[in-house]
Number of protein chains: 2
Amino acid sequence: MDKCDSAVILKQNGLKVTQQRLLLLDAIINTDKIFSALSLQDKVNDNMDLVTIYRILTVFLENKIIRDVISKDTTRFYELSCIHNPVHPHFVCRKCNNIICLNSLKNGYMSKFKEITGDNIVENVIIQFTGICSKCK
Amino acid sequence: MDKCDSAVILKQNGLKVTQQRLLLLDAIINTDKIFSALSLQDKVNDNMDLVTIYRILTVFLENKIIRDVISKDTTRFYELSCIHNPVHPHFVCRKCNNIICLNSLKNGYMSKFKEITGDNIVENVIIQFTGICSKCK
DNA sequence: AATAATATTGCAAATTATTTGCATTTATGA
DNA sequence: TCATAAATGCAAATAATTTGCAATATTATT
Ligand SMILES: [Mn+2]
Ligand SMILES: [Mn+2]
Ligand SMILES: [Zn+2]
Ligand SMILES: [Zn+2]
């Protein structure tokens, strides 16, 4: 499966191509897990300032390069939003604290949600299951 | 529509019936909105310590008297969990920041989720739509 | 009703994630 | 190359939540 190119994504969104944005976006593209500001800092060995990471994440969110996944214990988690990673539900195990990406809902389901969202304009859906994961039970 | 009795709920859960728990649970029962620790403090005019509120909310969560609804901007929001208020999705408007309770999903839907949750044991589902609410559009 | 044992509360201080201000550095296009 | 505006790093501020500990309230027992 081919991956997105970080420089291309930045340019497509009219963003300045800085070293820090490239490093961060590369790290994001090359992980299949969700991430927080802190977990990203660990991943990019460069000692990039946490403040810079927060600011870049804000820019990436505004440009929908990443999306909000979950807030767990007052920490925000995100994931890459691209053609290779469509919106999908997550499962949070309350024992091991792991967050598992689940398969996407079939299109029929998503459209069925319209019955309950009414006149509100839906831009994103977060579906989060909590419980005990198959490994922990 | 009749409401739950706070003292009864506390006793049913084997919890000590303290003034603070009664006050807080009454406030929770008598609101139809979701709440945070801070918004609850405003509601109970008694100048109850915020720390006490946090500790009581933890106890209420453990006993499933309340449930987690959403984390928005690093603030946790909860709502009453009782026969009068079954699990349901929420809509967060990114313009006015209002959080709207939506109608519950039909039982058929919930059971259909099993296809994607697999062997994990689901205890709770949080469904959160974001976008522009009907008033703001 | 008074007492004792134990859990809960309040206050001060700590922690954690995130944000802000400002001076310095970097990217970009003229 | 140079000018300009935007991005970054560092220090400090916020904001939500948690922890430690002494004082207090609840509940079961006398
Ligand atoms: Mn995922
Ligand atoms: Mn609700
Ligand atoms: Zn687990
Ligand atoms: Zn709105």
Side-chain angles (χ1 to χ4, degrees), chain A residues 6-28 34-63 65-66 68-78 92 94 97 99, chain B residues 6-28 34-63 65-66 68-78 92 94 97 99:
Chain A
S6 48
V8 171
I9 291 181
L10 293 178
K11 283 174 197 149
Q12 279 175 341
N13 286 277
L15 299 172
K16 273 195 184 171
V17 180
T18 67
Q19 288 309 306
Q20 290 83 342
R21 286 176 178 173
L22 283 174
L23 260 174
L24 223 58
L25 189 45
D26 278 335
I28 292 172
I34 66 174
F35 55 87
S36 63
L38 210 69
S39 77
L40 262 191
Q41 194 185 37
D42 288 340
K43 190 137 205 277
V44 299
N45 260 25
D46 191 72
N47 43 11
M48 199 185 304
D49 198 295
L50 243 196
V51 175
T52 302
I53 294 179
Y54 277 112
R55 287 198 265 233
I56 292 180
L57 289 181
T58 301
V59 170
F60 285 2
L61 270 177
E62 287 166 352
N63 288 274
I65 295 170
I66 60 175
D68 262 304
V69 171
I70 247 169
S71 285
K72 183 162 173 42
D73 299 330
T74 66
T75 302
R76 268 175 101 170
F77 285 90
Y78 315 86
V92 184
R94 68 167 162 78
N97 273 323
I99 301 176
Chain B
S6 48
V8 170
I9 291 181
L10 292 178
K11 282 173 198 148
Q12 278 176 338
N13 286 277
L15 299 172
K16 275 196 181 171
V17 180
T18 68
Q19 289 310 306
Q20 291 83 340
R21 286 175 178 173
L22 283 175
L23 260 174
L24 223 58
L25 191 45
D26 278 334
I28 291 171
I34 67 175
F35 55 86
S36 62
L38 209 70
S39 78
L40 262 190
Q41 194 185 37
D42 288 341
K43 190 138 204 277
V44 299
N45 260 24
D46 190 72
N47 43 12
M48 197 185 306
D49 196 295
L50 243 196
V51 174
T52 303
I53 295 180
Y54 277 112
R55 286 197 265 233
I56 292 179
L57 289 181
T58 301
V59 171
F60 285 1
L61 270 177
E62 286 166 353
N63 288 274
I65 296 170
I66 60 175
D68 262 304
V69 171
I70 246 169
S71 286
K72 183 164 173 40
D73 299 330
T74 66
T75 303
R76 266 176 102 170
F77 285 90
Y78 316 85
V92 184
R94 69 169 161 79
N97 275 321
I99 300 175

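Because only heavy atoms are used, hydrogens play no part in the values below, and waters and symmetry mates are left out as well, while side chains stay in.
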> Does A:Arg55 have any side-chain hydrogen bond (donor to acceptor under 3.5 Å, both in side chains) partners at least two apart in sequence or in another chain, and if so, which?
Replying inline: none
>> Within this structure, what is the OG-OH distance for the pair B:Ser39 and B:Tyr78, rounded to the nearest 0.5 Å?
In response: 10.0 Å
> Is a donor on one side and an acceptor on the other found under 3.5 Å between the side chain of A:Gln41 and the backbone of A:Asn47?
Replying inline: no
> Could you run down nucleotides 13-25 of chain C 5' to 3' and tag each one B, S or - for protein heavy-atom contact under 4.0 Å?
Replying inline: ----SBBBB----
> Roughly how far, to the nearest 0.5 Å, is the CD1 atom of A:Ile53 from the CZ atom of A:Phe60?
Replying inline: 11.0 Å
>> Rounded to whole Å, please give me the gap between CG in A:Leu22 and C1' in C:dA27.
In response: 11 Å
>> According to side-chain hydrogen bond (donor to acceptor under 3.5 Å, both in side chains), does anything in residues 17-28 of chain B pair up with another residue at least two apart or in another chain? List the pairs.
In response: B:Ser6-B:Asp26
> What is the minimum heavy-atom distance between A:Ala27 and A:Lys43, and which atoms define it?
Replying inline: O-NZ, 3.5 Å
>> Without decimals, in angstroms, what is the distance between A:Gln41 CD and D:dT8 P?
In response: 14 Å
>> Nearest whole Å is fine: how far is C:dA27 C1' from A:Arg21 CZ?
In response: 10 Å
> Picking from B:Asn13, B:Ile28, B:Leu57, B:Ile56, what satisfies side-chain contact (heavy atoms from CB on, under 4.5 Å) with B:Ile65?
Replying inline: B:Asn13
>> If I take atom CD1 in residue B:Ile53 and atom C1' in nucleotide C:dT8, what distance separates them, rounded to the nearest angstrom?
In response: 14 Å
>> Looking at every non-hydrogen atom in both residues, tell me the closest pair between A:Leu50 and A:Ala37 and how far apart they are.
In response: CD2-O, 3.9 Å
> Roughly how far apart are B:Leu25 CG and B:Leu10 CG, rounded to 0.5 Å?
Replying inline: 5.5 Å
> Given atom CZ of B:Phe35 and atom C1' of D:dA16, what is their separation to the nearest angstrom?
Replying inline: 16 Å
> Please give, in whole Å, the distance from D:dA6 P to A:Ile56 CD1?
Replying inline: 16 Å
> How large an angle, rounded to 10°, do the end axes of the helix from C:dA1-D:dT30 to C:dA30-D:dT1 enclose when each is built from five base pairs?
Replying inline: 30°
> Atom CD1 of B:Ile66 and atom CG of B:Leu40: how far apart are they, to the nearest 0.5 Å?
Replying inline: 8.0 Å
> CE of B:Met48 versus P of D:dA25: gap in Å, rounded?
Replying inline: 14 Å
>> According to side-chain hydrogen bond (donor to acceptor under 3.5 Å, both in side chains), who are the partners of A:Asn63, at least two apart in sequence or on a separate chain?
In response: none
> Between residues 6-20 of chain A and DNA chain D, which residues have a heavy-atom gap below 4.0 Å?
Replying inline: A:Lys16, A:Thr18, A:Gln20
